[in-house]
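Have a look at the structure below, then the notes.
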Amino acid sequence: MSSSPAARTVTARLGRALLTLFVVAFFVFLLAPIAIVVLFSFVDAAFVRFPIESFSLRWYVRMIEYKPFLSSLGFSLVVAIVSGLIALIISLPAALSLARSRGALAEMVVTLLLAPLSMPMILLGVALLYYLSWMGLGISVTSLLIGHVVVSIPYVTRTIIAVYQGASPSFEESARILGATRWQVFRHVTLPLIRPGIISGLLFSMLVSLDNLPISLFFAGSTTNTLPVVMLAYQQNQFDPAIGAISTVQLLVAVVTLLLIQRFAGLKNLVSQNVR
């Protein structure tokens with residue numbers, strides 16, 4: 001016996017209401033801890049308590065005065081940029097070769113390049129520490145860069161492959177038919193087609209590097225302390241809202257990076273490129 005139209009309408013409205021409630025609750029669950037951290041970075045008290053009596057910027061001043069915060073932030077930015085560029089240099093030719101390849105060997109190589117995404121970072125850090133120590137590099141800036149490059153390669157490779165596979169090969173074929181050399185095809189045709197993937201992959205790798213703690217912790221030393229390592233050490237010794245201030249700055253860097261990714265390689269850009 002079929003239900004009446006009125007009953008179906010009520011059921012549909014109830015389903016939409018429950019779905020909306022679930023989505024709202026889900027985002028509140030994800031964003032509430034972040035909002036609390038940002039909120040308490042502006043409190044005047046030296047500890048977290050409710051209700052909040054007054055607000056100030058004292059913890060941002062403390063963040064500036066505490067030199068390890070700013071020095072490690074600058075070092076982390078340098079590591080993120082350098083490791084991202086190295087990952088791009090390694091990933092770009094591999095991605096261009098594998099994107100149009102069909103075969104078991106190509107799939108195996110792609111799986112190998114993406115393997116760090118499926119491995120626990122602690123396990124990867126231990127393996128890199130033992131291997132790089134065996135090579136004589138030990139705890140050094142070079143070892144830290146190698147570790148960050150390893151975890152950055154999957155992001156750059158995956159984004160370039162995804163964009164290149166979505167681009168029609170007819171553009172490159174037309175350029176070759178018209179007499180363009182391989183370098184001319186790459187520079188004037190392929191590179192503009194995959195530019196969104198290059199930019200987004202590079203920015204994603206930088207973001208992952210800035211937030212990475214497990215790899216950085218294994219190679220932490222007097223000259224290799226990244227911001228997450230310094231934040232962990234600070235929180236182990238004292239707990240005040242200054243950690244919330246530097247976390248807010250780190251969050252701001254992440255948000256700006258994600259906005260840049262959306263600007264250069266958002267869904268609208270990818271769709272318009274595929275249409276062309």
Side-chain angles (χ1 to χ4, degrees), residues 2-60 63 73 76 80 114 116-122 151-152 154-155 158-159 162-163 166 196-197 199-214 227-228 231-232 235 239-275:
S2 61
S3 59
S4 64
R8 288 197 296 269
T9 301
V10 172
T11 303
R13 290 179 178 176
L14 179 61
R16 286 195 294 269
L18 291 175
L19 178 60
T20 302
L21 180 63
F22 173 77
V23 172
V24 171
F26 176 77
F27 278 101
V28 169
F29 177 77
L30 288 180
L31 298 178
I34 299 175
I36 291 174
V37 170
V38 175
L39 176 65
F40 277 100
S41 69
F42 293 98
V43 300
D44 187 54
F47 50 89
V48 176
R49 67 180 179 182
F50 283 104
I52 299 174
E53 297 179 354
S54 59
F55 294 91
S56 75
L57 296 175
R58 62 177 293 194
W59 301 115
Y60 287 89
M63 177 192 71
L73 175 60
S76 295
L114 301 182
L117 292 177
S118 59
M119 295 180 61
M121 285 292 139
I122 296 294
V151 298
S152 298
Y155 294 92
R158 183 68 266 176
T159 52
V163 173
I199 296 175
S200 60
L202 180 60
L203 292 176
F204 266 125
S205 68
M206 291 171 57
L207 189 60
V208 169
S209 176
L210 283 173
D211 293 337
N212 186 279
L213 176 61
L227 180 59
M231 291 172 65
L232 178 63
Q235 198 167 15
F239 186 77
D240 57 46
I243 199 71
I246 190 63
S247 297
T248 302
V249 173
Q250 191 178 24
L251 175 64
L252 183 61
V253 172
V255 170
V256 171
T257 304
L258 292 175
L259 289 176
L260 289 174
I261 293 173
Q262 175 62 25
R263 170 65 178 84
F264 290 106
L267 292 177
K268 292 182 180 179
N269 291 335
L270 294 179
V271 170
S272 62
Q273 176 177 294
N274 290 338
V275 170

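Nothing here was measured: the structure is a model prediction, and the numbers come from that model. Scope of the values below: all heavy atoms of this structure, side chains included, with no hydrogens, waters or symmetry mates.
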Check: [Y] and [X] side chains under 4.5 Å, non-hydrogen atoms:
X: Val28; Y: Val24; value: yes
X: Phe40; Y: Trp59; value: no
X: Leu14; Y: Leu18; value: yes
X: Ser41; Y: Tyr60; value: yes
X: Gln250; Y: Pro228; value: yes

How close do [X] and [Y] get, heavy atom to heavy atom, and via which atoms?
X: Pro116; Y: Met121; answer: O-CE, 3.6 Å
X: Ser247; Y: Ile243; answer: OG-O, 2.6 Å
X: Leu251; Y: Val38; answer: CD2-CG2, 3.8 Å

Distance (rounded to the nearest 0.5 Å) between [X] [atom1] and [Y] [atom2]:
X: Met63; Y: Thr248; atom1: CE; atom2: OG1; answer: 9.0 Å
X: Leu207; Y: Ser152; atom1: CG; atom2: OG; answer: 10.0 Å
X: Ile246; Y: Leu73; atom1: CD1; atom2: CG; answer: 5.5 Å
X: Leu213; Y: Leu227; atom1: CG; atom2: CG; answer: 10.0 Å
X: Leu203; Y: Leu259; atom1: CG; atom2: CG; answer: 11.0 Å
X: Met119; Y: Leu114; atom1: CE; atom2: CG; answer: 13.0 Å

Inset, instruction - Apply side chain to side chain donor-acceptor pair (under 3.5 Å) to Ser209 and list each qualifying residue two or more places apart in sequence or on a separate chain. - result: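 Applying side chain to side chain donor-acceptor pair (under 3.5 Å) to Ser209 gives His148.
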Legend entry - Partner residues of Leu210 under the side chain to side chain contact (heavy atoms under 4.5 Å, CB included) criterion, sequence neighbours left out: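 Partners of Leu210 by the side chain to side chain contact (heavy atoms under 4.5 Å, CB included) criterion, ordered by chain and then number, come out as Ser76, Leu77, Ala80, Val253.
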Legend entry - Test log, rule side chain to side chain contact (heavy atoms under 4.5 Å, CB included), inputs Tyr155 and Leu202: CA-CA 8 Å; Tyr155 294 92; Leu202 180 60; over 6 Å; no
Inset, instruction - Just jot down the ring pair (Phe, Tyr, Trp, His ring centres under 6.0 Å) partners of Phe204, sequence neighbours excluded, or say none. - result: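 Ring pair (Phe, Tyr, Trp, His ring centres under 6.0 Å) check on Phe204 returns nothing, list empty.
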